[in-house]
Amino acid sequence: MHQSAFIYHRPPASLLYAQIWPRNRPFCGASAELRELHMGRCLHAVVIKFGFGFNNVIISALIDMYGRNNEPGDSLKLFDEMLEPDFICWTSVISALTRSDLYAEALQLFYFMHRHNGFSPDGYTFGSVLTALGNLGRLKQGKELHAKAITSGFCKDNIFVESSLVDMYAKCGLVDESRSVFDQMEEKNSVSWCALLGGYCQKGAFETVVRLFRKMEVDLYSFGTVLRACAGLSVVKLGKEVHCQYLKRGGWNDVVVESALVYLYAKCGSVDFAYRIFKKMPIRNSITWNSMISGFAQNGRGEEAVRIFNEMIQEGVKPNYISFIGVLFACSHNGLVDEGRKYFISMSMDYGIKAGIEHHSCMVDLLGRAGEIEEAEDLIKNSQFSNDSSLWAALLGACTTSTNTTVAERIAKKMMELRPDYHLSYVLLANVYRAVGRWNDAQKIWNRMQKKGVTKTPGRSWIENNSSSSVSFLVNSNIPGEMYNDEKTHSFN
DNA sequence: ATAGGGTTAG
């Protein structure tokens, strides 16, 4: 008999394995330590032994279990081996991918499900897919899905869909849109609040975050957000209060909160304390490692930053775009020129990561400090950022100590071409001429600068910015009693 | 079976 009713279109094998599985190898070591995963695997065996291997409900639960334990490869394998995955199985596997930060892959499966199997999304699917879109910053598709959620009736009064929408708009940088969805919600919970606060964090409105944090129902999940705000404000004192609350409430081995603590303490100068927390963490992911690398790097401890970077690789965690920013920054600020060159090459050769503007900036800084002005110049010229004024400006700064007039002239002129209003190009070039006794040329540059009306932009000191009264106000007013033990706070629920 | 948190150069 013809079985067309049961034919289901499978996603390409390349999507199921080649692309996804290798990328997640690094997580396996960490997940193996989770007892829940071990239990889950045992249960899986029991399921098969008792002949429930073809029960979609049970398999859905298993797919979800692997997803929650950062084993998206196992989720996919199970899914691929199913004879007739129903719509719920698709949703489970999409959410498993989203949970493991495989957003693009989750989206691919979602569109595949829709196009080839004719399944329409429901509230559950919308939640996961909107999360994926938000993390990828795909505003256009996000809006499309928002419209679809409204027309299909899954939007109104569905706290999952609405919270995901708040999150999606916040992550795409549209805080106002995010706020408007939030305001229209009939019922709000800590997830909705947290999503909104994340948007304010991204905009740099850290004071707002701390203020609102005191008004909302607080769960351990939201500690990550407020710690990010603390780091943004460099208020280590408030961060310590949050840390205490985390421990007091029985928080333990939460990789997100503890990574945020590592970052906060390191950013505020307590690198050794940060390192102690880092050392104690049984499960570390790439963000944890990155926090520690950049923590050492920012505190002038480049060698340790490099050491942590290498340890990360040894432990089987793949360095990403941000890891390389940290390690290159460490190299540039500690004169590790050869290492810097090595890592810059290794980034694309060994890890397939294309160097971005941040990496180029670090390299220009590194080479400039080492006096390798022409090498840095070539690097910029041969990159896709050859007309980026921030890179040329960094190089220009490095020329101050150089006596090579020809090169300095060339760079200053390039900079004048890109940014005619940038005063340092003129100042620097004039200084270079003076250093070699070309007084007339120096004077000409000064005249040209004045004729163009280029003026120095007023500077502001770091101290001035950070001793503003609003920050000290926050620190003093946020005593723990007020933050967490307020009766009203708890009855908010 | 479903939603939210943490890392990014000058």
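For A:Arg99 and B:dA3, the shortest distance from a side-chain N or O to OP1 or OP2 is below 4.0 Å. For A:Tyr321 and B:dT7, the shortest distance from a side-chain N or O to OP1 or OP2 is not below 4.0 Å. For A:Lys188, no side-chain nitrogen or oxygen approaches OP1 or OP2 of B:dA3 to under 4.0 Å. At B:dG10, one or more side-chain N or O atoms of A:His333 fall inside 4.0 Å of OP1 or OP2 (strictly under the cut-off). Considering only side-chain N and O atoms, A:Ser128 lies under 4.0 angstrom from the phosphate OP1 or OP2 of B:dA3. Side-chain N/O atoms of A:Arg228 include none lying less than 4.0 angstrom from OP1 or OP2 on B:dG5.
Salt-bridge formation is detected for the pair A:Arg41/A:Glu71: a Lys NZ or Arg NE/NH1/NH2 atom is positioned less than 4.0 Å from an Asp or Glu carboxylate oxygen. In this structure, A:Glu241 does not pair ionically with A:Lys237, as no charged nitrogen and carboxylate oxygen lie closer than 4.0 Å.
Residue A:Tyr124 and nucleotide B:dA1 are classified as a stacked aromatic pair, their ring centres being separated by less than 5.5 Å at an interplanar angle below 30°.
When each of B:dG5, B:dG6, B:dG10 is scored by its nearest atom to the side-chain atoms of A:Thr225, the top-ranked nucleotide is B:dG5. Of the candidates B:dG5, B:dA1, B:dG6, the closest approach to any side-chain atom of A:Asn285 belongs to B:dG6. Checking B:dG5, B:dG10, B:dG6 against the side-chain heavy atoms of A:Asp254 singles out B:dG5 as nearest. Of the candidates B:dG6, B:dA3, B:dA1, B:dA1 carries the atom nearest the A:Ser60 side chain, counting heavy atoms from C-beta on. Set against B:dT2, B:dG6, B:dA9, the side chain of A:Glu358 has B:dA9 as its closest nucleotide. When each of B:dT2, B:dA9, B:dT7 is scored by its nearest atom to the side-chain atoms of A:Arg68, the top-ranked nucleotide is B:dT2. Relative to the side chain of A:Ile159, the nucleotides B:dG10, B:dG6, B:dA3 differ in distance, and B:dA3 lies closest. Of the candidate nucleotides B:dG10, B:dG5, B:dA3, B:dA3 has the atom nearest to the side chain of A:Ser163.
A:Lys171 has its NZ atom 14 Å from the C1' atom of B:dT7, to the nearest Å. One atom, CG of A:Leu264, and another, C1' of B:dT7, lie 13 Å apart when rounded to the nearest Å. Taking atom NZ of residue A:Lys354 and atom P of nucleotide B:dA9, one finds them 21 Å apart after rounding to whole Å. Following rounding to the nearest Å, A:Gln202 (CD) and B:dG5 (P) show an atom-to-atom distance of 10 Å. What separates CG of A:Leu165 from C1' of B:dT2 is a distance of 14 Å, to the nearest Å. Rounded to whole Å, the distance from CH2 on A:Trp90 to P on B:dT2 is 18 Å. Protein atom CD1 of A:Ile353 is 16 Å distant from nucleotide atom P of B:dT8, rounded to whole Å. Straight-line distance from the CG atom of A:Leu261 to the P atom of B:dT7: 12 Å, rounded to whole Å.
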Donor-acceptor contacts under 3.5 Å from residues 219-227 of chain A side chains, at least two apart:
unit_1   : atom_1 : unit_2   : atom_2 : d
A:Asp219 : OD1    : A:Tyr221 : N      : 3.3
A:Asp219 : OD1    : A:Ser222 : N      : 3.1
A:Asp219 : OD1    : A:Ser222 : OG     : 3.2
A:Asp219 : OD2    : A:Ser190 : OG     : 3.1
A:Ser222 : OG     : A:Asp219 : N      : 3.2
A:Ser222 : OG     : A:Asp219 : O      : 2.7

With a 3.5 Å cut-off and sequence neighbours excluded, list the donor-acceptor pairs that the side chains of residues 262-273 of chain A form with protein atoms.
unit_1   : atom_1 : unit_2   : atom_2 : d
A:Tyr265 : OH     : A:His243 : ND1    : 2.9
A:Lys267 : NZ     : A:Ala231 : O      : 2.9
A:Asp272 : OD1    : A:Arg301 : NH1    : 3.3
A:Asp272 : OD1    : A:Arg301 : NH2    : 3.0
A:Asp272 : OD2    : A:Arg301 : NH1    : 3.4

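In terms of the ring-ring contact (aromatic ring centres under 6.0 Å, His included) criterion, A:Phe160 has no residue partners (sequence neighbours excluded). Every residue meeting the salt bridge (charged side-chain N to carboxylate O under 4.0 Å, His left out) condition with A:Asp64, not counting sequence neighbours, appears here in chain and number order: A:Arg68. Take A:Phe154 and apply the ring-ring contact (aromatic ring centres under 6.0 Å, His included) test, not counting sequence neighbours, and it matches no residue.
For the segment residues 290-307 of chain A, the set of residues with a heavy atom within less than 4.0 Å of an atom of DNA chain B comprises A:Asn290, A:Ser291, A:Gln298, in numerical order.
The base of B:dA3 sits with one of its N or O atoms less than 3.5 Å from a complementary donor or acceptor on the side chain of A:Asn189. For A:Ser361 against B:dA9, a side-chain-to-base donor-acceptor contact under 3.5 Å is present.
When only modelled atom types and interatomic distance are considered, A:Asp183 and A:Ser180 share no side-chain donor-acceptor pair under 3.5 Å.
Ring-centre distance between A:Phe206 and A:Tyr200: not below the 6.0 Å cut-off.
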